[in-house]
Amino acid sequence: MDYYLIAARAGDRNPSGLLVEEFVLCDDYTAAGIDGAEWRTENGAWSASAELSRAIRADMALRGRVTPVSRQEASDAFALLGGGVLPEEAGLRTLFQERRHLPTTAPLNLARSTGSRRYRILFAGELGADGLANARTALRLEPTADPRVVGTASASAGGHGFTWELRRIGAGIAWCVDVTARLGSGPATALGALLHHHRQAVREQGLIPVTVERFA
């Protein structure tokens with residue numbers, strides 16, 4: 001699950017609410033939707049979060065009030081705000097009231113797939129200098145001559161080969177991690193683990209994951 005602290009104003013270090021989200025994934029690890037719930041100090045209750053989930057990805061001003069945190073940080077803040085003990089994740093799932101559905105389309109060449117897949121993990125927000133340096137380290141990126149690409153990397157796991165790159169999309173609009181997977185004969189769980197790791201590694205630098213798409 002992903003946890004976010006929501007402040008009343010940008011730059012306010014004292015949160016006024018908590019947002020909990022969980023991506024809903026298809027069998028090929030693309031994102032079909034986002035489940036979630038939000039808790040606010042003003043009423044001390046959990047409520048549906050689909051509109052807030054949409055807004056923090058579309059509204060730059062609102063995004064300035066949002067801080068991605070770990071579960072432990074969320075739990076500590078929840079207790080300080082008077083919410084008590086943050087429910088375990090199984091309990092949080094019972095609070096999800098409304099799913100934010102994400103558009104999904106079949107890859108154009110899925111019918112003639114050769115075992116190679118292309119994914120894009122899309123993020124909203126901007127990376128500062130420290131966040132960019134940390135993302136390079138977390139993704140083990142090497143420099144590239146392409147000015148559109150921050151860096152590239154590759155690895156093998158579970159009998160599969162993976163290559164990925166970090167790209168900026170526009171100025172201060174969005175970032176993405178593009179992943180090419182050359183699947184072997186083993187189970188595809190290694191692909192799911194890699195996509196999850198990359199999504200969390202970049203989210204930890206302050207960006208908000210928007211979706212996981214597949215292009216081929």
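Given the structure is predicted, the values throughout are model-derived calculations rather than measurements.
Residues Pro15 and Leu5 come closest through the heavy atom pair CB-CB, 3.9 Å. Counting all heavy atoms, side chain and backbone alike, Tyr3 lies closest to Leu86 at CE2-CD2, 4.0 Å. Minimum heavy-atom separation, Phe23 to Pro209: CZ-O, 3.6 Å. In plain terms, the two heavy atoms of Leu62 and Leu52 that are nearest each other are CD2-CD1, 4.1 Å. Nearest heavy atom pair, residue Ala190 against residue Ala157, reads CB-O, 3.8 Å. Contact between Leu207 and Pro68 at its shortest, heavy atoms only, is O-CG, 4.0 Å.
Thr180 is listed as a side-chain neighbour of Arg182, based on a closest heavy-atom distance under 4.5 Å. Between Ile34 and Val24, every side-chain heavy-atom pair lies at or beyond the 4.5 Å cut-off. Arg214 has its side chain within reach of Arg117: a pair of non-hydrogen atoms, C-beta onward, lies under 4.5 Å apart. Counting heavy atoms from C-beta on, the side chains of Thr30 and Thr211 never come closer than 4.5 Å. His198 has its side chain out of reach of Phe162: every pair of non-hydrogen atoms, C-beta onward, lies at least 4.5 Å apart.
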Any chance you could lay out the salt bridge (charged side-chain N to carboxylate O under 4.0 Å, His left out) test for Arg93 and Asp35, step after step, and finish with the verdict?
CA-CA 8 Å; Arg93 290 188 182 96; Asp35 288 337; over 6 Å; no
Worked verdict on Ile121 versus Phe123 for side chain to side chain contact (heavy atoms under 4.5 Å, CB included)
CA-CA 7 Å; Ile121 312 171; Phe123 299 87; 3.5 Å; yes
With side chain to side chain contact (heavy atoms under 4.5 Å, CB included) as the test, would you mind laying out the steps for Leu19 and Trp39 before giving the verdict?
CA-CA 6 Å; Leu19 171 65; Trp39 185 90; over 6 Å; no
Taking it one step at a time, do Tyr4 and Ile208 satisfy side chain to side chain contact (heavy atoms under 4.5 Å, CB included)?
CA-CA 9 Å; Tyr4 301 91; Ile208 299 175; 3.9 Å; yes
What do the steps show when you test Leu183 against Ser116 for side chain to side chain contact (heavy atoms under 4.5 Å, CB included), and what is the final call?
CA-CA 6 Å; Leu183 299 183; Ser116 180; over 6 Å; no
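Val69 and Met1 fall within the same hydrophobic cluster, defined by Ile, Leu, Val, Met, Phe, Trp and Tyr side-chain heavy atoms under 4.5 Å apart, directly or through other members. Grouping the Ile, Leu, Val, Met, Phe, Trp and Tyr side chains by contacts below 4.5 angstrom, directly or via other members, places Val149 apart from Val177. In the hydrophobic clustering of this structure, Leu122 does not group with Val66; members are Ile, Leu, Val, Met, Phe, Trp, Tyr whose side-chain heavy atoms approach within less than 4.5 Å, directly or through other members. Taken together through direct or relayed side-chain contacts under 4.5 Å among Ile, Leu, Val, Met, Phe, Trp and Tyr, Leu81 and Val20 form part of one hydrophobic cluster. Ile6 and Leu92 are members of different hydrophobic clusters when ILVMFWY side chains are connected at heavy-atom separations under 4.5 Å.
Distance check, rounded to the nearest 0.5 Å: CZ of Arg99 to CD of Glu22 gives 9.0 Å. Glu165 contributes atom CD, which lies 8.5 Å from atom CZ of Arg120 (distance to the nearest 0.5 angstrom). We find the SG-CD distance between Cys176 and Glu213 to be 9.0 Å, quoted to the nearest 0.5 Å. Distance check: Trp175 CH2 to Leu127 CG gives 5.0 Å after rounding to the nearest 0.5 Å. Separation of atoms CD (Glu38) and CG (Leu18) is listed at 9.5 Å; rounding is to 0.5 Å. With values rounded to the nearest 0.5 angstrom, Thr152 atom OG1 is found 10.5 Å from Leu166 atom CG.
Taking Glu98 as the reference, nothing meets the salt bridge (Lys or Arg N to Asp or Glu O under 4.0 Å) condition, with sequence neighbours excluded. For Arg136, the side chain to side chain contact (heavy atoms under 4.5 Å, CB included) partners two or more places apart in sequence, or in a different chain, are Leu132, Leu141, Val150. Listed by chain and residue number, Trp46, Leu95, Phe96 satisfy the side chain to side chain contact (heavy atoms under 4.5 Å, CB included) test with Ala37 (two or more places apart in sequence, or in another chain).
Under 4.0 Å is where a charged nitrogen must lie from a carboxylate oxygen, and between Asp178 and Arg167 at least one such pair does.
The environment of CG in Asn43 is crowded: more than 12 heavy-atom neighbours from other residues, nucleotides or ligands sit within 6.0 Å.
Under a 3.5 Å cut-off, the side chain of Ser16 and the backbone N or O of Arg40 do not form any donor-acceptor pair. Using a distance-only test at 3.5 Å, with no hydrogens or angles considered, a donor-acceptor pair links the side chain of Thr137 to the main chain of Ala133. Proximity of a side-chain donor or acceptor of Asn134 to a complementary backbone N or O of Asp130 within less than 3.5 Å is detected. Between the side chain of His197 and the backbone N or O of Leu195 there is no donor-acceptor pair closer than 3.5 Å. Side-chain atoms of Arg63 come within 3.5 Å of backbone N or O of Arg57 as a donor-acceptor pair. A donor-acceptor contact shorter than 3.5 Å links the side chain of His160 to the backbone of Pro187.
At a cut-off of 3.5 Å, with distance as the only test, a side-chain donor of Glu21 or Ser53 sits close to an acceptor on the other residue. Inspection of the Ser49 and Arg100 side chains reveals no N or O donor paired with an N or O acceptor under 3.5 Å. Remark: the Thr144 side chain and the Asp146 side chain contain no N/O donor-acceptor pair separated by less than 3.5 Å.
Identified under the salt bridge (charged side-chain N to carboxylate O under 4.0 Å, His left out) test for residues 64-82, with sequence neighbours left out: Arg71-Glu88. Counting only residues at least two apart or in different chains, side chain to side chain donor-acceptor pair (under 3.5 Å) contacts with residues 186-195 are absent. Counting only residues at least two apart or on different chains, the salt bridge (charged side-chain N to carboxylate O under 4.0 Å, His left out) pairs with a member in residues 193-203 are Asp2-Arg199, Asp2-Arg203.
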